[in-house]
Amino acid sequence: MKCRKIKLAVISFILASAAAIAANDAPAPLDPIPSPEQLAWQKLEYIAFAHFGMNTFTGREWGDGAEDPALFNPTRFDARQWVKTVKDAGMKMLILTAKHHDGFCLWPSRYTEHSVKNSPWKDGKGDVVREVADACKEAGVKLGIYCSPWDRHERTYGDSPAYNEFFRNQLRELLSNYGDVAEVWFDGACGEGPNGKKQVYDWDSYYAVVRELQPHALIFGCGPDIRWVGNESGVAREMEWSALPLTDDVVNRRWGEHQRTFVDGSGVEHAFQALTSSAPQKMMWYPAECDVSIRPGWFYHSDQDDKVKSLSQLLDIYYKSVGRNGVLLLNLPPDKRGLIHENDVRRLLELRRVLDETFKTNFALNKSAQASNVRQKSELFSPQQALDGRSDTYWAADDGVTAASLEVDLGEEIEFDRSLIQEHIALGQRVYAYSIEVWNGAGWSQVAEGTTIGYKKINRFSPATASKVRLNIKKSRGCPIIESFELYKEADWGETSGGKDK
Ligand code: FUL
């Protein structure tokens, strides 16, 4: 008797757990998915570049490497001012040009004399990388390192094995001595050395150094973790996939060819074909970073003090980068004093204020909602989960369902002109056609439409007043998984950042 009771208890325990697991049957990830580091990087959204070095003092954009180190002499260098600016602007990482194409090193590298150690700045005892790294650490801002493989000063450049060793040694210094580095930025520019030969970069050996010394760092550009969006205007496409086919160009490190497909857009088109075809493809998670300078040049030039991008331009860039599944890398070039110029600081704070005000009140937050399909009819995947302001919950549809809609009841007539949608990308990027509709009292009218969503998609449209809003997912690679659906009204700032998406 006792034995039977125990058996029954065991069986009912097993059944109850199975039911719980079934109820909690989250959608399976759809390949490819981001690594934890790629996911964390995407959530940074908005990061800073600082182009600083010899060019700051010569007024050039590309030095030739023959510059006298004595020219490098900032009068009021203050890395804390840079990092405070970055932080106040709401940016989460600062990427420093430790060495640009002219080969001048902002740290006292033991492998070259062409560095701060031979400049009058701090009597040759200064180290810009150290001060920036320390200021970042103190403020909780992540540090990124740009180190140009193209080096127009170094004698071994062009003698491929010797220069590759030199470059790896420099990377070792940068990645061992300055604490955590979150991103390593590799530019593909390549030239001939003094021997008249073109340098052949040994990319895989560079990556090995990064992986060994900074296993959590992501490699940008000429590397496997983050791709260049394909322009230097900070603008992503309306259709921007982070899920991409693993092409031969990537496998064989033909970065020029690979990047060209993002310049002409064929890379994204190819992704679209691959993702929506039933033929098996090798895929990779390869998110886009959108770089642009706040001024016309990458380096500081005093005659550009009145050419800092306008608030309207920066807002447009923000919507076309962060709002299109990209990370925005905005360059703030420090000046000859070694400070970020007042005009740039002012503009960055204006931008921050408008963004904060615009995205302060989400009209859809915790409103009631219904959906055409709810995964297993479970509360765990109900539309409310996309309206709760959390990033660990989501509305999901049943497996096999690739079109579904979510309808929010705002409870009253509300005016809005921005929608923000997020997929739960930890489980893959899925959606490639959607629209947003408002209830006009008699029927639904469309206010916005789009293709991909990804980590974040913001649509801009003419102000609409409605009490009900519908997100229509029309096409998706798998069941849609929507982490967030939000509605906003642009803050009043004197102008308009362009009422519409285009
Ligand atoms: C380019 C470089 O040649 C520019 O000088 C700048 O550093 C930009 C971010 O990348 O390829």
Side-chain angles (χ1 to χ4, degrees), residues 46-67 72 82 86 91 93-107 114 128-129 132 143-154 157 167 170-171 174 182-192 198-199 201 203 206 218-223 225-236 253-264 288-301 304 307 309 314 317 321 326-335 340 344:
Y46 179 33
I47 61 180
F49 226 163
H51 274 67
F52 186 60
M54 193 50 85
N55 296 330
T56 312
F57 298 89
T58 59
R60 301 176 76 174
E61 278 290 309
W62 279 11
D64 59 16
E67 297 84 1
F72 183 86
W82 302 11
V86 165
M91 301 156 121
M93 176 168 20
L94 175 57
I95 303 180
L96 172 66
T97 53
K99 180 180 84 164
H100 204 253
H101 309 328
D102 54 60
F104 183 77
C105 299
L106 295 183
W107 80 104
H114 202 51
V128 175
V129 180
V132 171
L143 174 70
I145 295 286
Y146 169 117
C147 187
S148 169
W150 189 27
D151 187 323
R152 303 180 82 186
H153 178 83
E154 173 54 26
Y157 192 86
F167 189 68
Q170 290 202 321
L171 281 180
L174 288 168
E183 183 171 335
V184 178
W185 219 91
F186 285 142
D187 189 302
C190 181
E192 283 176 5
K198 199 164 167 148
Q199 172 69 30
Y201 299 132
W203 293 112
Y206 305 165
L218 294 173
I219 305 173
F220 165 88
C222 298
D225 304 324
I226 306 168
R227 72 182 159 90
W228 182 48
V229 74
N231 62 69
E232 291 184 338
S233 331
V235 169
R253 317 306 190 202
R254 292 193 299 257
W255 296 118
E257 285 80 346
H258 169 75
Q259 291 178 352
R260 259 193 290 286
T261 68
F262 287 91
V263 175
D264 67 21
E289 184 179 88
C290 310
D291 61 331
V292 61
S293 185
I294 195 166
R295 290 165 173 247
W298 288 105
F299 284 88
Y300 177 83
H301 309 291
Q304 296 182 352
K307 296 197 172 61
K309 286 193 170 54
L314 290 175
I317 288 172
S321 54
V327 166
L328 172 57
L329 172 59
L330 181 62
N331 179 57
L332 321 170
D335 61 19
I340 295 175
D344 308 48

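Both counts, for ligands and for their atoms, begin at 1 and track the order of listing.
Residues passing the side chain to side chain contact (heavy atoms under 4.5 Å, CB included) test with Asn231, sequence neighbours excluded: Val229, Ser233, Val235. For His153, the ring pair (Phe, Tyr, Trp, His ring centres under 6.0 Å) partners at least two apart in sequence or on another chain are His114. For Trp107, there are no ring pair (Phe, Tyr, Trp, His ring centres under 6.0 Å) partners at least two apart in sequence or on another chain.
With ring centers used as reference points, Trp185 lies under 6.0 Å from Phe49.
Every protein residue with a heavy atom nearer than 4.0 Å to ligand 1 is included here: Phe49, His51, Trp62, His100, His101, Tyr146, Trp185, Asp187, Glu232, Asp291, Trp298.
Looking at His301, Lys309, Lys307 one by one, the single match for side chain to side chain contact (heavy atoms under 4.5 Å, CB included) with Pro296 turns out to be Lys307.
One N or O on the side chain of Gln304 and one on the backbone of Gly297 form a donor-acceptor pair closer than 3.5 Å.
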